[in-house]
Amino acid sequence: MNKKIVHDALILFAFTLVLGFVLGLVYGITKDPIEAADLAAAQAAYQQVFADAEQFAEYEEFDKEAAASLMEENGYSDDINGVQVAKDGSGSDIGYVITVTAKDGSQANITFSVGIRNDGTVNGYSITSIAETPGLGDKAKTEEFSGQFADKQTDSFTVVKQAPASDSEIEAISGATITSRAMTNGVNACITYFQNVLEGGAN
């Protein structure tokens, strides 16, 4: 009986070792392609919200903990994930792309990038991760909704259920007010970060 237990344990141990080796091998093979795909998706998002930028450089002074504290102080549950400096063809800074994760979506977190010019004008946003309800919340990806944020300069946006009366009002997606507010709060979080940390230029 004891021999059988030892035998089975050795087989299980050997199986675990082989499985661990295989998983490690697969991870090693797929790690670089996954990172490359993620980088390409991020670059595409940056370009979408800053079409006139020739290049993007990581904002080296970004402090995730300080950003989290700023969000908390201003009543946001959103996470600022990172910041890119948008540069024109001559290398001059023309604004920023701020990546945010909104935690108050109706189904799950929503991650997107927001372009903001040096003068505080919001270019718009580009979503990189969303799992909202098809036909409802996922309409946040459409130009009809996202275009409401483009080329607007305001301290914050608010969600309304009727036609907007000002540039600072965003008409909610029909049947998806929670998603609409999550996206709007995320953009507002980026504006808050810009105004408190970035306004005036990186230099």
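The basis for the numbers below is simple: all heavy atoms, side chains too, and nothing from hydrogens, waters or symmetry mates.
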Backbone N or O of [Y] within a donor-acceptor pair of the [X] side chain at under 3.5 Å?
| X | Y | result |
| --- | --- | --- |
| Glu72 | Ala67 | no |
| Ser180 | Ala176 | yes |
| Glu169 | Ala165 | yes |
| Glu132 | Ser106 | yes |
| Glu171 | Val160 | no |
| Gln153 | Asp119 | yes |
| Ser69 | Glu65 | yes |
| Ser92 | Asp88 | no |
| Asn185 | Ala182 | no |

Heavy-atom closest pair, residues [X] and [Y]:
| X | Y | value |
| --- | --- | --- |
| Gln195 | Asp155 | NE2-OD1, 2.9 Å |
| Ser168 | Thr154 | CB-OG1, 3.5 Å |
| Gln48 | Tyr125 | NE2-O, 4.3 Å |
| Asp138 | Ile130 | CA-CD1, 4.2 Å |
| Ala140 | Met183 | CB-CG, 3.9 Å |
| Phe56 | Val97 | CE2-CG2, 3.8 Å |

In Å, rounded to the nearest 0.5 Å, how long is the span from [atom1] of [X] to [atom2] of [Y]?
| X | Y | atom1 | atom2 | answer |
| --- | --- | --- | --- | --- |
| Phe145 | Ile173 | CZ | CD1 | 4.5 Å |
| Asn196 | Leu70 | CG | CG | 5.0 Å |
| Phe50 | Asp52 | CZ | CG | 6.0 Å |
| Asp167 | Asp151 | CG | CG | 10.0 Å |
| Lys152 | Ser166 | NZ | OG | 8.5 Å |
| Phe194 | Asn188 | CZ | CG | 14.0 Å |

Legend entry - Test log, rule side chain to side chain contact (heavy atoms under 4.5 Å, CB included), inputs Gln84 and Ile98: CA-CA 6 Å; Gln84 298 287 321; Ile98 304 169; over 6 Å; no
Inset, instruction - Report the C-alpha distance between Asp104 and Arg181 in whole Å, list the side-chain angles of each, state the deciding distance to 0.1 Å, and finish with yes or no for side chain to side chain contact (heavy atoms under 4.5 Å, CB included). - result: CA-CA 8 Å; Asp104 47 359; Arg181 286 179 178 152; 5.7 Å; no
Inset, instruction - Determine, step by step, whether Thr121 and Ile116 satisfy the side chain to side chain contact (heavy atoms under 4.5 Å, CB included) criterion, reporting the C-alpha distance in whole Å, the side-chain angles of both residues, the deciding distance to 0.1 Å, and the verdict. - result: CA-CA 6 Å; Thr121 300; Ile116 303 179; over 6 Å; no
Legend entry - Intermediate values then yes/no, side chain to side chain donor-acceptor pair (under 3.5 Å), Ser113 and Thr99: CA-CA 4 Å; Ser113 296; Thr99 300; 2.9 Å; yes
Inset, instruction - Can you establish whether the number of heavy atoms outside Ile170 located under 6.0 Å from its atom CD1 is more than 12? - result: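 Yes, CD1 of Ile170 has more than 12 neighbouring heavy atoms, counting only those of other groups under 6.0 Å.
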Inset, instruction - Give a yes or no on this: more than 12 heavy atoms of other residues, nucleotides or ligands lie within 6.0 Å of atom NZ of Lys87. - result: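 Atom NZ in Lys87 is crowded, with more than 12 foreign heavy atoms closer than 6.0 Å.
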Legend entry - Under 3.5 Å side-chain donor-acceptor pair for Thr111 and Thr128: no
Inset, instruction - Show your working on side chain to side chain donor-acceptor pair (under 3.5 Å) between Thr101 and Asn109 and close with a plain yes or no. - result: CA-CA 6 Å; Thr101 295; Asn109 293 347; over 6 Å; no
Is there a path of hydrophobic side-chain contacts, each under 4.5 Å between heavy atoms of I/L/V/M/F/W/Y residues, joining [Y] to [X]?
| X | Y | value |
| --- | --- | --- |
| Phe62 | Val100 | yes |
| Val114 | Val159 | no |
| Tyr76 | Ile178 | no |
| Ile127 | Leu136 | no |

Inset, instruction - Would you please name every residue forming a salt bridge (Lys or Arg N to Asp or Glu O under 4.0 Å) with Asp79, sequence neighbours left out? - result: Lys103
Would you say [X] and [Y] make side-chain contact, with heavy atoms under 4.5 Å?
| X | Y | value |
| --- | --- | --- |
| Phe149 | Asn123 | no |
| Met71 | Tyr193 | yes |
| Ile191 | Val122 | yes |

